[in-house]
Amino acid sequence: SQTIHQWPATLVQPVGSPLSLECTVEGTSNPNLYWYRQAAGRGLQLLFYSVGIGQISSEVPQNLSASRPQDRQFILSSKKLLLSDSGFYLCAWSVEGLNNSPLHFGNGTRLTVT
Amino acid sequence: AQSVTQLGSHVSVSEGALVLLRCNYSSSVPPYLFWYVQYPNQGLQLLLKYTSAATLVKGINGFEAEFKKSETSFHLTKPSAHMSDAAEYFCAVNLNTGGFKTIFGAGTRLFVKA
């Protein structure tokens, strides 16, 4: 069966520090991969998605970047965190090439920038 | 453009009462619709999905949703609420844009009173 791992679960970082969140998927090949953010009182905002290794699409201009160095690994990064980067970050995957594939989410990382 | 609208950011019901969470979609093509549930500090979990095979879709935990094309609706129901149903619920639609992005509604938080 497929599983998705996301870590760390919680993170407190000072403003201006770097960020690296990692997500890995097991049990499937060539998944579509996604990073979402949930800010307090707001819905889910799609940050990045990837349909293959090295292929990253950015949905909103911001202080973050994403990379996909391996088929089932997706990394969210920042060189210098801002207060506004605080939120709940969710990684997800879906079946490649399938319109009706649901998203399968990790358990999320709660990031607090102080 | 495709989108989903969830009516009511908060819904409160008594234990044992009917749960009705509303979702309307806008789509120029037959949509792929989903309901997800999110418990505190967790990722989203798929409740059910509509893929045109049947208009009444049954999901996990006793939930079901009915696709009504004439009303462009996909409301989520459960005959009898349990305390464990307290969570946030998201309606979503898949976009066929190569990466098969998903658009989420703003979410409805369900409160269940004893």
Side-chain angles (χ1 to χ4, degrees), chain A residues 2-10 21 23 25 30-52 55-60 66 68 74 87-112, chain B residues 1-10 23 25 27-54 57 59-60 63 65 67 74 87-109:
Chain A
Q2 303 91 356
T3 56
I4 178 169
H5 302 281
Q6 191 180 340
W7 68 92
T10 60
L21 302 181
C23 172
V25 180
N30 304 316
N32 294 329
L33 295 173
Y34 308 81
W35 280 110
Y36 282 86
R37 177 170 62 197
Q38 266 185 311
R42 301 174 70 177
L44 285 147
Q45 180 185 33
L46 178 61
L47 302 176
F48 302 94
Y49 70 93
S50 171
V51 299
Q55 301 178 62
I56 308 295
S57 296
S58 174
E59 287 297 293
V60 290
R68 185 171 177 173
F74 206 25
F88 192 50
Y89 289 82
L90 291 160
C91 181
W93 71 272
S94 67
V95 176
E96 183 264 344
L98 198 63
N99 279 355
N100 64 356
S101 173
L103 290 169
H104 305 274
F105 286 86
N107 284 328
T109 295
R110 176 130 348 249
L111 172 66
T112 303
Chain B
Q2 291 170 313
S3 67
V4 288
T5 302
Q6 291 184 243
L7 299 178
S9 59
H10 296 82
C23 173
Y25 68 91
S27 174
S28 58
V29 297
Y32 296 102
L33 293 160
F34 306 82
W35 275 100
Y36 293 85
V37 60
Q38 185 180 30
Y39 298 101
N41 295 312
Q42 293 186 25
L44 279 72
Q45 177 184 0
L46 180 69
L47 269 179
L48 50 82
K49 67 178 182 180
Y50 169 72
T51 57
S52 75
V57 182
I60 62 172
F63 283 94
F67 175 72
F74 191 55
E88 188 150 23
Y89 293 81
F90 293 91
C91 183
V93 62
N94 269 13
L95 304 180
N96 182 2
T97 56
F100 304 110
K101 293 185 292 182
T102 299
I103 298 299
F104 287 87
T108 299
R109 185 165 295 278

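A note on names: the letters A, B, ... follow the listed sequences, proteins ahead of strands, and every chain is numbered from 1.
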Could you list the donor-acceptor pairs under 3.5 angstrom formed between side-chain atoms of residues 31-38 of chain B and any protein atom two or more places apart in sequence or on another chain?
| residue | atom | partner | partner atom | Å |
| --- | --- | --- | --- | --- |
| B:Trp35 | NE1 | B:Phe74 | O | 2.8 |
| B:Tyr36 | OH | A:Leu103 | N | 2.8 |
| B:Gln38 | OE1 | A:Gln38 | NE2 | 2.9 |
| B:Gln38 | NE2 | A:Gln38 | OE1 | 2.8 |
| B:Gln38 | NE2 | B:Gln42 | O | 2.8 |

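In terms of non-hydrogen atom pairs under 4.5 Å with chain A, the most contact-rich of B:Asn41, B:Thr51, B:Ile103, B:Leu44 is B:Leu44. For the set A:Ser101, A:Gly43, A:Ala9, the count of heavy-atom pairs under 4.5 angstrom toward chain B peaks at A:Ser101. Top candidate by heavy-atom pairs under 4.5 Å with chain B, chosen from A:Asn107, A:Leu46, A:Leu44, is A:Leu44. Interface check for chain B: of the options A:Cys91, A:Pro102, A:Ser50, the most heavy-atom pairs under 4.5 Å are formed by A:Pro102.
Heavy atoms of B:Tyr50 lying under 4.5 Å from chain A are absent altogether. Proximity to chain A is limited to the side chain of B:Leu46, based on heavy atoms less than 4.5 angstrom apart.
Residues B:Lys101 and A:Tyr49 approach most closely at CD-CE2, 3.2 Å, considering heavy atoms.
Among residues two or more places apart in sequence or in another chain, the ring pair (Phe, Tyr, Trp, His ring centres under 6.0 Å) test is passed with A:Phe88 by none.
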